[in-house]
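To start, the structure under review is shown below, and the notes come after it.
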2 protein chains.
Amino acid sequence: MTADNHDRLLNPEEYMPLREVVFLRLRRQILRGELKPGERLMEIGLANRLGVSRTPIREAIRKLEHEGLVVMIPRRGAHVAEITRQELNDVLEVRKSLEVLAITKACGRMTDEDVDELRTEEQAFAARVREQDADPAALGQFDERFHDVIYRGTGNRRLIQILNNLREQMYRFRVEYLKDTEVRETLVKEHDAIIKALEKRDTAEAVRIISLHIDNQFRSINRALDTDGEEAEDGQPQ
Amino acid sequence: MTADNHDRLLNPEEYMPLREVVFLRLRRQILRGELKPGERLMEIGLANRLGVSRTPIREAIRKLEHEGLVVMIPRRGAHVAEITRQELNDVLEVRKSLEVLAITKACGRMTDEDVDELRTEEQAFAARVREQDADPAALGQFDERFHDVIYRGTGNRRLIQILNNLREQMYRFRVEYLKDTEVRETLVKEHDAIIKALEKRDTAEAVRIISLHIDNQFRSINRALDTDGEEAEDGQPQ
DNA sequence: ATATAATGTTTTGTATACAAAGAACATGGA
DNA sequence: TCCATGTTCTTTGTATACAAAACATTATAT
């Protein structure tokens with residue numbers, strides 16, 4: 001908290017209320033798995049840990065609750081939301097529809113400069129993938145930036161917001177499945193195919209690839225849940 | 001608030017925190033247009049009006065903020081969000097994709113009983129439409145229930161949640177465009193066609209109709225904004 | 001008369017206080 | 001030993017207090 005508070009005081013023009021700092025911080029911790037599903041979020045504990053009072057903690061929790069990352073049990077406080085396999089598949093299903101919409105719009109609206117930017121991001125991503133000891137979290141960031149360029153190309157802010165939110169829901173698992181080197185190579189190939197389709201303004205082809213892309217994520221994540229997830233789920237029964 | 005507090009105390013099993021009562025109440029007022037776009041939401045005023053302290057008001061506002069119905073200006077408090085035509089069209093575009101997904105899934109999953117229920121809801125809706133002096137708000141409720149049956153038929157809870165949220169964004173305008181009797185008749189016909197397609201399990205046809213359905217809403221709402229909206233927007237420059 | 005400085009008021013942001021509901025634990029009885 | 005019951009402790013839900021920022025208003029100087 002000290003560091004964030006510092007930033008906050010150093011940049012008075014981008015003032016950010018404590019609740020927002022707390023919100024972003026808790027969210028990051030949940031998405032990174034530092035706060036595990038089922039874990040209790042106790043206000044006083046968090047307040048002490050972050051060096052603020054309960055008020056901003058509570059307000060941050062309200063937003064996390066609305067976002068679905070936190071579940072409230074009446075009179076028993078906040079818990080990090082569990083994600084069942086069913087919910088994850090539900091999210092992916094919705095995401096697939098919206099990714100198709102996004103790539104369709106992007107295909108019709110992206111400028112040549114946008115596509116260039118996309119290729120730049122992709123090269124950065126591919127470079128990281130080649131490194132054997134690449135940090136999966138960092139890899140995730142680059143993948144994110146690639147997709148952000150496409151999202152921006154849609155010109156539909158609500159679509160961007162929802163897609164970002166859906167992607168967040170899977171962040172926790174993405175780190176897991178990005179450990180698989182085979183998955184990484186597939187990602188690079190798919191990104192490349194997407195760029196080529198966008199360059200040719202071939203909407204049908206772009207839609208085809210992005211659908212494959214999501215289906216692969218579907219498989220990868222479910223595979224990760226099958227193997228890695230089993231013990232973890234049992235280990236955290238709450 | 002007295003009434004709500006009363007309910008809350010009468011039904012101790014469905015205990016609801018004050019913040020939740022406030023949240024639902026403010027949301028309803030925003031969606032119904034009782035709180036107009038741009039209007040300031042001042043904490044003390046609301047607290048006095050609703051007979052609670054600032055704390056639950058603030059927590060309710062956090063959720064409204066996250067939902068996009070309220071916009072925060074740092075150190076200047078909460079305002080009811082304006083909706084631009086662009087945003088409205090963005091919402092509709094996303095909704096169209098997801099309604100197509102929903103009807104596709106529903107077509108494959110709904111039981112015959114579900115379809116019967118759908119027809120029941122539709123008959124209730126149609127009956128109301130025939131009444132000349134039907135209350136647009138009540139009509140909206142029936143339309144909502146019709147679509148709820150379809151949404152439930154998808155078996156995808158995340159999809160349901162997002163669709164409900166998107167629909168909410170347009171609630172404010174729906175009341176306007178439901179005043180048009182021609183629109184009402186069209187709605188009935190479309191609902192009927194949807195049911196027929198679902199009965200035949202004709203996914204392609206169902207998708208076709210639901211797309212038309214959304215496109216019509218698109219036109220109706222934009223028409224309402226062209227005529228009715230002009231003065232209202234100017235009248236509320238805030 | 002206009003611009004500007006000073007002052008007071010309102011409103012937000014944050015912290016703290018207090019009551020009540022639940023959970024945990026210990027004590028006593030079968 | 002196991003269960004029931006009462007007591008304590010923790011934690012939430014709500015209210016209030018206080019400081020600082022924004023805003024309005026008045027007074028002052030040019």
Side-chain angles (χ1 to χ4, degrees), chain A residues 1-26 35 38-66 70-81 237-238, chain B residues 1-26 35 38-66 70-81 237-238:
Chain A
M1 176 50 51
T2 330
D4 289 320
N5 248 327
H6 199 60
D7 285 350
R8 197 167 71 108
L9 295 173
L10 279 181
N11 305 5
E13 38 275 353
E14 21 184 314
Y15 168 82
M16 197 183 262
L18 279 184
R19 60 167 180 271
E20 206 61 25
V21 178
V22 173
F23 169 67
L24 292 175
R25 176 150 177 170
L26 288 180
L35 291 170
E39 189 165 335
R40 269 184 92 178
L41 297 178
M42 277 178 300
E43 297 168 3
I44 297 178
L46 287 176
N48 291 339
R49 187 155 68 79
L50 304 186
V52 299
S53 80
R54 280 176 61 209
T55 309
I57 300 280
R58 286 179 64 85
E59 298 194 8
I61 287 178
R62 292 293 87 74
K63 298 180 83 170
L64 291 168
E65 179 193 358
H66 199 270
V70 152
V71 172
M72 293 301 298
I73 302 175
R75 298 224 176 258
R76 300 207 41 204
H79 297 245
V80 177
Q238 172 62 266
Chain B
M1 177 52 50
T2 329
D4 289 320
N5 246 326
H6 200 61
D7 285 350
R8 195 167 73 111
L9 295 174
L10 279 180
N11 305 7
E13 38 276 354
E14 18 185 316
Y15 169 83
M16 197 182 262
L18 279 184
R19 61 167 179 270
E20 205 61 24
V21 178
V22 173
F23 169 67
L24 292 175
R25 176 152 176 168
L26 288 180
L35 291 170
E39 190 167 333
R40 263 184 96 177
L41 296 178
M42 277 178 301
E43 297 169 5
I44 298 178
L46 287 175
N48 292 338
R49 185 154 70 78
L50 303 185
V52 299
S53 80
R54 280 175 61 208
T55 308
I57 300 281
R58 286 178 65 85
E59 298 193 9
I61 287 178
R62 292 293 87 75
K63 297 181 83 170
L64 291 168
E65 178 192 359
H66 198 270
V70 151
V71 172
M72 293 302 297
I73 302 174
R75 297 229 176 252
R76 299 208 39 204
H79 298 247
V80 177
Q238 179 57 265

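Residue numbering restarts at 1 for every chain, and letters A, B, ... go by the order of the sequence lines. All heavy atoms count here, side chains included; hydrogens, waters and symmetry mates do not.
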How far apart are the closest heavy atoms of A:Tyr15 and B:Pro74, and which atoms are they?
-> CD2-CB, 4.1 Å
In whole angstroms, the gap separating P of D:dA22 from CD1 of B:Ile73 amounts to 13 Å
Assert: residue with more 5' nearest nucleotide on DNA chain C, out of B:Ile44 and A:Arg54, is B:Ile44
Calculate the interatomic distance between B:Ile57 atom CD1 and C:dT12 atom C1'; express it in whole Å.
-> 14 Å
Could you please name the option among C:dA15, C:dT14, D:dT11 that lies closest to any side-chain atom of A:Glu59?
-> C:dT14
Got A:Arg19 and B:Arg58 here, is their nearest side-chain heavy-atom distance under 4.5 Å?
-> yes
Gap between atoms CE and C1', on A:Met16 and C:dT12 respectively (whole Å) | 17 Å
Could you check B:Glu43 against A:Ser53 and say which one's nearest nucleotide on DNA chain C is further toward the 5' end?
-> B:Glu43
Among C:dA21, C:dT12, C:dA15, the one nearest any side-chain atom of A:Arg75 is C:dA21
If we only count heavy atoms from C-beta on, is the B:Glu59 to B:Val22 side-chain gap below 4.5 Å?
-> no
Starting at atom CG of A:Leu50, determine the distance to atom P of C:dT14, rounded to an integer number of angstrom.
-> 13 Å
B:His79 NE2 to D:dA22 C1': how many Å, rounded?
-> 12 Å
Any side-chain heavy-atom pair of B:Leu26 and B:Leu46 under 4.5 Å | yes
Give a yes or no on whether a donor-acceptor pair under 3.5 Å exists between the nucleobase atoms of C:dG13, that is its base, and the side chain of B:Arg76.
-> no
In whole angstroms, the gap separating P of C:dT9 from CE of B:Met42 amounts to 18 Å
Whole-Å gap separating P (C:dT14) and CZ (A:Arg62) | 16 Å
Nearest-Å distance, CG (A:Leu41) to P (D:dT11)?
-> 13 Å
Quick one: label A:Ile61 by what it contacts on the DNA or RNA (base, sugar-phosphate, nothing), any heavy atom closer than 4.0 Å.
-> nothing
What nucleotide among C:dA21, C:dT12, C:dT14 has an atom nearest to a side-chain atom of A:Leu18?
-> C:dT14
At their closest point, which heavy atom of A:Arg62 faces which heavy atom of B:Lys63, and how far apart are they?
-> O-CG, 3.9 Å
